[in-house]
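To start, the structure itself, in structure tokens.
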Protein chains: 2
Amino acid sequence: MEKKAKDLSTEERIKAAARTLFTRKGYAATRTRDIAKEAGINLALLNYYYRSKEKLFDLVILENFGQFVEGVRAIMNEQTTSLEEKIEGLVNLYIGKLLANPDLPLFILNEMRSNPKTLKSKGLTKDMLRNSHFMKQLTEELILRRKLSVNPIHFVMNTLAMTVFPFAAAPLLKEVSGMSEEVFVALMEERRKLIPVWIKKIMQP
Amino acid sequence: MEKKAKDLSTEERIKAAARTLFTRKGYAATRTRDIAKEAGINLALLNYYYRSKEKLFDLVILENFGQFVEGVRAIMNEQTTSLEEKIEGLVNLYIGKLLANPDLPLFILNEMRSNPKTLKSKGLTKDMLRNSHFMKQLTEELILRRKLSVNPIHFVMNTLAMTVFPFAAAPLLKEVSGMSEEVFVALMEERRKLIPVWIKKIMQP
DNA sequence: AAATTATTTAATCAAGTGATTAATATTTCC
DNA sequence: GGAAATATTAATCACTTGATTAAATAATTT
């Protein structure tokens with residue numbers, strides 16, 4: 001079957017609909033009839049193409065985790081960039097990703113809580129953090145050069161926290177602060193530059 | 001009926017079971033039969049005491065949001081403490097809360113994403129942040145004294161991010177770093193002192 | 001002790017859900 | 001053009017789920 005220009009195939013439309021709804025609402029709260037309606041197809045086609053709701057969900061996990069970690073390994077293991085440049089790269093990567101897909105953080109956090117080994121089986125390798133050039137540089141900087149007795153993991157947590165948490169908590173932050181979506185997005189754009197500066201500051205002895 | 005010493009009533013046991021499962025798994029993924037089994041009761045009692053699954057869930061939301069915001073207003077509006085002391089109080093409050101109930105952050109974040117007005121109808125008032133003494137002190141410190149052109153909301157986000165995110169992301173952080181639960185808890189305890197220091201540092205011009 | 005109220009249970013129900021299927025339509029291949 | 005393959009649909013099914021109910025038991029009140 002020749003696909004129409006600019007249009008997805010039925011198979012792709014089902015997967016896109018599934019991804020949207022599973023990411024936003026989770027597995028249990030998403031009905032197969034919801035997916036069919038979102039995709040604009042008959043329900044039987046979901047089973048025709050994907051065999052079951054669960055197999056479709058497995059695909060969505062694969063894609064979401066793939067998107068979550070895409071680009072990380074390259075940044076973390078670039079041999080010619082400084083620690084500071086790596087942090088800038090990582091922060092920019094994630095702010096860009098999450099502005100485009102604000103439902104992703106909660107999906108990842110929820111799935112990791114339900115199935116902690118998911119990330120390992122979906123592409124996470126040791127060189128994304130533990131055996132990365134980044135971690136080597138961070139440890140050298142903190143322990144050897146600055147003689148800090150603080151565990152370097154704190155700074156990894158802080159970098160991820162300041163970058164990812166605002167997206168996961170956006171509805172909460174908007175409610176407690178009264179800010180609009182526009183203001184929120186503007187703050188996230190500001191944080192591209194601010195977060196690396198803050199991380200640099202808190203690493204000072 | 002006289003309740004046995006040290007034992008909850010049937011009604012309380014049902015609510016405790018519901019809270020455990022709803023907080024961990026969410027509304028849709030929790031079956032009423034699951035709750036009945038967890039509470040050790042016949043399923044009909046759930047409807048006898050609470051009328052429906054949804055009403056029971058509403059109670060759990062009320063309790064969880066109540067616990068989430070308990071203590072915040074007092075810290076935020078204490079007239080005799082400094083900005084720094086408020087930050088220390090807030091960080092200690094939340095690290096204590098979340099060490100005791102690590103499932104709470106994701107529950108709150110999920111519920112806020114599903115129903116953004118929930119917090120407003122469950123006890124959030126403007127004097128918890130926007131009209132708080134804390135916010136007044138923060139704005140004064142940043143704008144008037146240090147002449148920073150950075151939106152004070154960034155620091156609120158950072159404080160919450162560094163405090164809450166590690167708990168929400170604990171499975172992810174343990175997986176990428178390889179640390180154990182014991183190491184994780186130790187790091188959280190360290191952060192009681194570290195986070196206020198970091199916040200102080202990033203507020204420097 | 002009897003009446004009343006509260007609690008508990010097994011059985012059952014209606015509605016919803018994920019999956020299946022026979023039939024039909026469309027597209028591709030020879 | 002017909003056969004084969006692929007795609008699609010409405011109807012249906014078995015099972016699950018939240019809720020209900022009649023009956024039995026326990027506790028409380030009179």
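Lettering follows sequence order; numbering is per chain, from 1.
- The interatomic distance linking B:Glu11 (CD) with C:dT8 (P) rounds to 10 Å, in whole Å.
- We find that CD of B:Glu12 is positioned 12 Å from P of C:dT7, with the value rounded to whole Å.
- A search for ring-ring contact (aromatic ring centres under 6.0 Å, His included) contacts involving B:Phe155 returns A:Trp198, not counting sequence neighbours.
- Residues satisfying the salt bridge (charged side-chain N to carboxylate O under 4.0 Å, His left out) test with A:Arg191, not counting sequence neighbours, are none.
- With rounding to whole Å, B:Leu45 atom CG is found 16 Å from D:dG18 atom P.
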Any N/O pairs under 3.5 Å between the protein and nucleotides 19-25 of chain C? List them or say none.
unit_1	atom_1	unit_2	atom_2	d
C:dA19	OP2	A:Lys53	N	2.7

Identify every side-chain donor-acceptor pair in residues 34-44 of chain B under 3.5 Å, counting partners at least two apart or on other chains, and give the distances.
unit_1	atom_1	unit_2	atom_2	d
B:Asp34	OD2	B:Arg31	N	2.9
B:Asn42	OD1	B:Ala44	N	3.0

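- Of the residues in residues 15-28 of chain A, not one places a heavy atom less than 4.0 Å from an atom of DNA chain C.
- Under the ring-ring contact (aromatic ring centres under 6.0 Å, His included) criterion, no residue pair touches residues 109-134 of chain A, with sequence neighbours excluded.
- The heavy-atom pair separating B:Pro152 from B:Leu138 by the smallest distance is O-CD2, 3.6 Å.
- For A:Ile14 and D:dT9, the CD1 to C1' distance is 13 Å, given to the nearest whole Å.
- Judged as a salt bridge (charged side-chain N to carboxylate O under 4.0 Å, His left out), and not counting sequence neighbours, B:Lys193 has no contacts.
- In terms of the salt bridge (charged side-chain N to carboxylate O under 4.0 Å, His left out) criterion, A:Lys201 has no residue partners (sequence neighbours excluded).
- Nucleotide C:dA15 holds its C1' atom 12 Å from the CZ atom of A:Arg31, rounded to whole Å.
- Rounding to the nearest 0.5 Å gives a distance of 7.5 Å between CD1 of B:Ile14 and CD of B:Glu11.
- Using a 4.0 Å heavy-atom criterion, one finds that B:Tyr49 contacts the sugar-phosphate atoms exclusively.
- Protein atom NZ of A:Lys37 is 14 Å distant from nucleotide atom P of C:dG16, rounded to whole Å.
- Counting to the nearest Å, the P atom of C:dA6 and the CD1 atom of B:Ile41 are 19 Å from each other.
- Sequence neighbours left out, the pairs with a member in residues 53-92 of chain A that pass ring-ring contact (aromatic ring centres under 6.0 Å, His included) are A:Phe22-A:Phe57, A:Tyr27-A:Phe57, A:Phe68-A:Tyr94.
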